[in-house]
Amino acid sequence: MDKTERIRKIRTGEPIEAFGLLFYPISMWHYEEYMVCADTWKIRLSALPYPYCTMDYMNAMLAMDMDAAQNQKGTNGYFARVLKLFSLATKTDGNELLQADRISINRNGKIPLIEQMTVIQNGKSTTVTPGQFAAIRRIIAEQNGLELPDEADNADLAEQPRLTTGDSRFKEKFNMDDMISSVAYLSHVRDVEILDWTVREFENRRRAIDRDKHYMLYASAELSGMVKFPDGNPAQSWLLDTIDTHKGTVPLSKIAQNMGIQNKKGE
């Protein structure tokens with residue numbers, strides 16, 4: 001499949017065939033399961049401690065779990081979450097993937113390494129290698145609107161959050177029903193209709209709403225004449241994301257100073 005065809009299928013929510021498997025965009029019916037796994041899928045390998053940073057993604061996730069178990073710290077569940085998201089995308093049984101006969105591990109070296117994983121989809125048996133899984137990880141990420149880290153970026157800077165709230169007494173209370181209702185309200189559809197959306201469609205709509213609100217907020221502030229943006233308006237369009245060319249963090253408590261927002265008196 002060429003790049004153009006792949007992009008078309010991702011945009012239209014069609015399954016993608018690769019390595020003898022069909023990969024489907026995950027629907028909002030499985031959003032809570034998806035959210036549990038998504039952060040693990042986005043782990044930056046170059047930011048992991050040695051020796052995990054030298055491994056492929058699949059083996060790094062397993063090795064971290066095995067080491068945690070050996071140190072009597074329990075398991076982090078990284079590898080299980082990787083397989084869960086994989087099973088959601090392939091519509092296979094994630095519990096079966098965890099069975100010993102499904103994963104072939106070479107234990108001859110200092111570190112046990114996965115050689116291949118056997119996947120049964122629609123009655124057909126297919127093997128997946130760690131090398132193939134690297135490409136599969138990107139396919140599933142693209143299908144579901146997940147942005148994978150660029151391993152070439154400076155890990156120290158890339159791992160820092162763009163905004164921090166300091167010691168704020170307030171924090172978000174995650175609630176799937178609230179998120180769906182909010183997006184449904186601003187999309188003029190019933191909550192139940194969103195369950196048939198793909199996760200990618202939902203996340204794109206949510207980001208579009210955020211982008212529009214940020215654009216209106218900053219545009220209103222600029223038009224009021226009470227604030228100015230010496231470095232340019234940080235929300236330049238309601239259609240497109242704005243790229244911040246500066247690296248590092250911007251504490252929310254100092255947003256006025258660090259983002260160049262100040263009143264006419266310079267306060």
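Only a predicted model underlies this, so the values are computations on that prediction, with no experimental measurement involved.
- The CG atom of L62 sits 12.0 Å away from atom OH of Y57, with the distance rounded to the nearest 0.5 Å.
- Under a 3.5 Å cut-off, the side chain of R81 and the backbone N or O of A38 do not form any donor-acceptor pair.
- Between the side chains of D67 and Y52, at least one donor-acceptor pair of N or O atoms lies under 3.5 Å.
- Here I105 contributes atom CD1 and I111 contributes atom CD1; the two are 13.0 Å apart, rounded to the nearest 0.5 Å.
- Checked against the 6.0 Å centroid threshold, F133 and F19 do not count as a close aromatic pair.
- In terms of modelled atom types and a separation under 3.5 Å, the side chain of N106 and the main chain of E115 share no donor-acceptor contact.
- Atoms CD1 and CZ, from I194 and R206 in turn, are 12.0 Å apart once rounded to the nearest 0.5 Å.
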Query raised in the report: After noting the C-alpha distance and the side-chain angles of Y31 and M179, does the key distance pass the side-chain contact (heavy atoms from CB on, under 4.5 Å) rule?
Result: CA-CA 11 Å; Y31 189 65; M179 291 180 66; 3.5 Å; yes
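- Between the CD1 atom of I103 and the CD1 atom of I114 there is a distance of 5.5 Å, given to the nearest 0.5 Å.
- Between the W197 side chain and the F202 main chain, no donor and acceptor come within less than 3.5 Å of each other.
- When every heavy atom of T90 is checked against every heavy atom of Q121, the shortest pair comes out as O-NE2, 2.8 Å.
- Residues M61 and T40 approach most closely at SD-CG2, 4.0 Å, considering heavy atoms.
- A distance-only check finds a donor-acceptor pair linking the side chain of D65 to the backbone of Y78 [under 3.5 Å].
- Dense packing is recorded around CZ of F23, with more than 12 heavy atoms of other residues, nucleotides or ligands lying under 6.0 Å away.
- Under a cut-off of 6.0 angstrom, the local environment of CZ in R11 is sparse, with at most 12 non-hydrogen atoms contributed by other residues, nucleotides or ligands.
- For the pair L48/M64, a side-chain contact is recorded, criterion being any heavy-atom separation below 4.5 Å from C-beta on.
- Checking side-chain atoms of E33 against main-chain N and O of K84 turns up no donor-acceptor pair under 3.5 Å.
- Counting heavy atoms from C-beta outward, M28 and I180 have side chains that approach closer than 4.5 Å.
- In plain terms, the two heavy atoms of G20 and T126 that are nearest each other are O-OG1, 3.6 Å.
- Linking ILVMFWY side-chain heavy atoms closer than 4.5 Å, directly or via other members, places L83 and M66 in a single hydrophobic cluster.
- Counting heavy atoms of neighbouring residues, nucleotides and ligands inside a 6.0 Å radius, atom CE of M216 does not exceed 12 of them.
- Nearest approach of S87 to D93, heavy atoms of both residues: CB-C, 4.2 Å.
- Under the 4.5 Å side-chain heavy-atom criterion for grouping Ile, Leu, Val, Met, Phe, Trp and Tyr, V183 is connected to L195 within one hydrophobic cluster.
- When only modelled atom types and interatomic distance are considered, W41 and N144 share no side-chain donor-acceptor pair under 3.5 Å.
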Report task. Could you go through the side-chain contact (heavy atoms from CB on, under 4.5 Å) check for S27 and T198 one step at a time? Result -> CA-CA 4 Å; S27 78; T198 64; 5.7 Å; no
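- Interatomic distance, E96 CD to R102 CZ, rounded to the nearest 0.5 Å: 4.5 Å.
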**Report entry** Candidate pair L88 and I140, rule side-chain contact (heavy atoms from CB on, under 4.5 Å), full reasoning
**Finding:** CA-CA 10 Å; L88 287 174; I140 294 176; over 6 Å; no
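- Following chains of ILVMFWY side-chain contacts shorter than 4.5 Å, one cannot reach L97 starting from I120, and the two form parts of different hydrophobic clusters.
- Applying the salt bridge (Lys or Arg N to Asp or Glu O under 4.0 Å) test to residues at least two apart or on different chains, the pairs with a partner in residues 123-142 are R6-E142.
- A salt bridge does not link R190 to E193: none of the charged nitrogens lies less than 4.0 Å from a carboxylate oxygen.
- Transitive grouping of hydrophobic side chains (ILVMFWY, heavy atoms separated by less than 4.5 Å) keeps V36 and L148 in distinct clusters.
- Between I43 and E151 the shortest heavy-atom distance is O-OE2, 4.3 Å.
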Requested in this report: Take N122 and K91 through the side-chain contact (heavy atoms from CB on, under 4.5 Å) test and state the conclusion after the steps.
Outcome: CA-CA 9 Å; N122 300 324; K91 298 186 177 181; over 6 Å; no
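- The closest donor-acceptor contact from the side chain of Q116 to the backbone of V128 lies at 3.5 Å or more, if one exists at all.
- E147 and K42 are not joined by a salt bridge, as no carboxylate oxygen comes within less than 4.0 angstrom of a charged side-chain nitrogen.
- A donor-acceptor pair is defined here as one N or O able to donate and one able to accept, closer than 3.5 Å; no such pair exists between the side chain of S187 and the backbone of V189.
- No continuous path of ILVMFWY side-chain contacts below 4.5 Å connects M117 to L22, so the two sit in separate hydrophobic clusters.
- Counting heavy atoms from C-beta outward, S125 and V119 have side chains that stay 4.5 Å or more apart.
- For the atom pair CD1 (I16) and CD1 (I10), the distance works out to 4.0 Å, reported to the nearest 0.5 Å.
- Under a 4.0 Å N-O distance rule, the pair E203/R200 does not qualify as a salt bridge.
- Between D150 and R44, the shortest heavy-atom distance links the atoms O-NH1, 2.6 Å.
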